Amino acid sequence: ELGDYEHYMLKEIFEQPNALRNCLRGRAEQREGRIVLGGLADHARDLVKARRFILTGQGTAWHAALVGDYLMEDLAKVVTEATYASEFRYRNPIVEEGTVVVAISQSGETADTLAALREAKERGAMALGLINVVGSTIARETDAGIYLHAGPEIGVASTKAFTCQLAALTMLSVYVGRKKFMGQGQTQEVIDALCAVPDQLDVVLKTSEQVRDIAAKFVDRENWLFLGRGYHYPVALEGALKLKEISYIHAEGMPAAEIKHGPIALINDGMPVVFIATQGLQYDKVISNIEVVRARGGKIIAVATEGDTNIGRYSDDVIYIPHTIEPIQPLLSVVPLQLMAYHAAVLRGCNVDKPRNLAKSVTVE
Ligand code: F6R
């Protein structure tokens, strides 16, 4: 079943273009410029009237929720909150009328996520699921949802489920947004960008050997930082989680602006700092964050937009990804970070598909 791949994780990273094609098929209708979500059709009116969305999950699925928070507010213009399922459940949450809770989970069996979903339903919320495993417990307990269609994910580290979660959240945002304020022009722009992702991912995956060479340079360093702003802040968290989970290197991810408020004290000579520095609204701000880190001896690994001739002056290594609009960029920018974690773990001799202390799905709270 592994075919030519040495590990499931690598196979699943490379399956992402096709996983996304399956996730988008019949839903992101490029020619008609619309999103078709059969699973939500019966609830369309309630979704339009919804006053608040709560996106919830754990680990990588929570990172998808954080991107979803930006997507929903940016595109659907509806108040949205991303929250750890484990924290939501026990904080005596306020669930007003018109609240939709969206449970995000690859396995559909995560105990914390299931408990949060039940709590929200109990308090009157409508329950949606963005789930990969068909017929799983969470999927069965939701009112409606979008299956991810990522295919079976066997490696413990979640990869293709994450990018499909981002695609599903983008489709949900456009689906809701289009019924409210989004014009046809913007709708078409987002759908076109989303539909271009599978082919663009084929290009991103070609960086694998370059990423391995970069990983080899820094693999003996025990502390890494991952920094990004806006849509890339959750991607930074995800890059750090992947690295710590499978290579046992200590890594932290945070919004790039946060380093000035304390973590900059960590930076010492030669510390690898990964910046997601793609072109967009906050590009100049990211560059100034890079300069601050570099002045203190940090080694800059930048994920940047193809054709950016400026970034090389500020970075020790640059991994280029194709251009796309900002809401879609996380789908591309996360992939070099998945590859970085994979190669670092292999170089350190770690068991990539079965990292120590971890199971594929966490069924205790
Ligand atoms: C990280 C990872 C975990 C899961 C989390 C939620 O690579 O795999 O953080 O994302 O345990 O799992 P699901 O999505 O099955 O609810």
Side-chain angles (χ1 to χ4, degrees), residues 7-13 15-16 19 23 55-68 82-89 101-118 120 127-142 145-169 226 234-249 251-253 330 334-335 337-342 344-345 350-365:
H7 300 100
Y8 282 105
M9 182 180 177
L10 190 64
K11 175 171 182 264
E12 288 161 8
I13 289 172
E15 276 172 355
Q16 287 177 110
C23 182
L55 311 177
T56 195
Q58 294 294 130
T60 289
W62 177 66
H63 297 155
L66 286 175
V67 176
T83 176
Y84 279 117
S86 57
E87 295 302 313
F88 174 79
R89 177 177 181 197
V101 65
V102 184
I104 306 172
S105 175
Q106 187 288 127
S107 63
E109 303 296 345
T110 300
D112 286 309
T113 310
L114 177 60
L117 179 80
R118 286 179 176 159
L128 297 187
L130 304 188
I131 311 290
N132 196 37
V133 177
V134 176
S136 55
T137 310
I138 298 177
R140 281 187 276 116
E141 294 202 14
T142 52
I146 308 172
Y147 277 121
L148 303 177
H149 297 321
E153 193 179 68
I154 292 160
V156 163
S158 189
T159 53
K160 61 179 180 170
F162 177 71
T163 40
C164 287
Q165 284 159 359
L166 298 186
L169 284 160
F226 289 76
V235 175
L237 297 187
E238 176 62 4
L241 174 60
K242 287 285 100 89
L243 189 67
K244 54 190 149 185
E245 176 180 28
I246 58 165
S247 73
Y248 319 140
I249 291 170
E252 276 196 65
V334 73
V335 175
L337 308 191
Q338 296 170 341
L339 288 166
M340 186 72 75
Y342 172 78
C350 301
N351 186 346
V352 172
D353 286 328
K354 281 204 179 305
R356 69 186 181 202
N357 310 338
L358 284 167
K360 183 62 184 158
S361 68
V362 183
T363 51
V364 286
E365 272 187 60

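Atom set for the values below is all heavy atoms of this structure, side chains included, hydrogens, waters and symmetry mates excluded. This one's a predicted model, so the numbers in the text were calculated from it and none came from an experiment. In this chain, residues are counted from 1 in sequence order. Start at 1 and go down the list; that is how both ligands and their atoms are numbered.
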Rounded to the nearest 0.5 Å, what separation is found between the CG atom of Leu243 and the CE atom of Met340?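 With rounding to 0.5 Å, CG (Leu243) is 8.5 Å from CE (Met340).
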
Taking atom types as modelled and ignoring hydrogens, do the side chains of [X] and [Y] form a donor-acceptor contact shorter than 3.5 angstrom?
| X | Y | value |
| --- | --- | --- |
| Glu238 | Thr60 | yes |
| Thr113 | Gln58 | no |
| Gln16 | Thr159 | no |

Please determine whether any non-hydrogen atom of [X] lies less than 4.0 Å from an atom of ligand 1.
| X | answer |
| --- | --- |
| Gly57 | no |
| Lys242 | yes |
| Thr159 | no |

For [X], take its heavy atoms, then give the atoms of ligand 1 lying under 4.0 Å from any of them.
| X | answer |
| --- | --- |
| Val156 | 8 (O) |
| Gly59 | 9 (O) |
| Ala157 | 7 (O) |
| Thr110 | 6 (C), 12 (O), 13 (P), 15 (O), 16 (O) |

A quick test of your reading: do over 12 heavy atoms of other residues, nucleotides or ligands sit less than 6.0 Å from NZ of Lys244?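 Yes, NZ of Lys244 has more than 12 neighbouring heavy atoms, counting only those of other groups under 6.0 Å.
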
Examine the proximity of ligand 1 to Glu245 and report which part, side chain or backbone, both or neither, has a heavy atom under 4.0 Å away.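 Side chain only; the backbone of Glu245 stays clear of ligand 1.
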
Counting heavy atoms only, which part of Thr113 comes closer than 4.0 Å to ligand 1: side chain, backbone, both or neither?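 Answer for Thr113: neither.
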
Give me the nearest non-hydrogen protein atom to [atom] as residue plus atom name, then the distance to 0.1 Å.
| atom | value |
| --- | --- |
| atom 3 (C) of ligand 1 | Thr60 N, 4.1 Å |
| atom 11 (O) of ligand 1 | Val362 CG2, 4.2 Å |
| atom 5 (C) of ligand 1 | Gln58 O, 3.4 Å |
| atom 14 (O) of ligand 1 | Gln106 N, 2.6 Å |

Between Ala64, Ser107, Pro355, which one has a non-hydrogen atom sitting closest to atom 15 (O) of ligand 1?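 That would be Ser107.
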
Could you say whether the N/O atoms of Ser158 and ligand 1 ever approach to under 3.5 Å?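 Yes; the residue has a nitrogen or oxygen that sits under 3.5 Å from a nitrogen or oxygen of the ligand.
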
Could you label the plane-to-plane angle of the Tyr84 and Trp62 rings as parallel, tilted or perpendicular, counting under 30° as parallel and over 60° as perpendicular?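 Rings of Tyr84 and Trp62: parallel, as their planes differ by under 30°.
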
From CA spacing to verdict: side chain to side chain contact (heavy atoms under 4.5 Å, CB included), Glu109, Leu114: CA-CA 7 Å; Glu109 303 296 345; Leu114 177 60; 5.9 Å; no

Side-chain touch Ile154/Asp353, heavy atoms, less than 4.5 angstrom: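 Heavy-atom side-chain distance check fails, nothing below 4.5 Å.
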
Does the side chain to side chain contact (heavy atoms under 4.5 Å, CB included) test come out yes or no for Arg356 and Asn351, once each step is laid out? CA-CA 8 Å; Arg356 69 186 181 202; Asn351 186 346; over 6 Å; no

Do Lys360 and Glu153 pass the salt bridge (charged side-chain N to carboxylate O under 4.0 Å, His left out) test, and can you show the C-alpha distance, the side-chain angles, and the key distance before you say yes or no? CA-CA 9 Å; Lys360 183 62 184 158; Glu153 193 179 68; 2.8 Å; yes

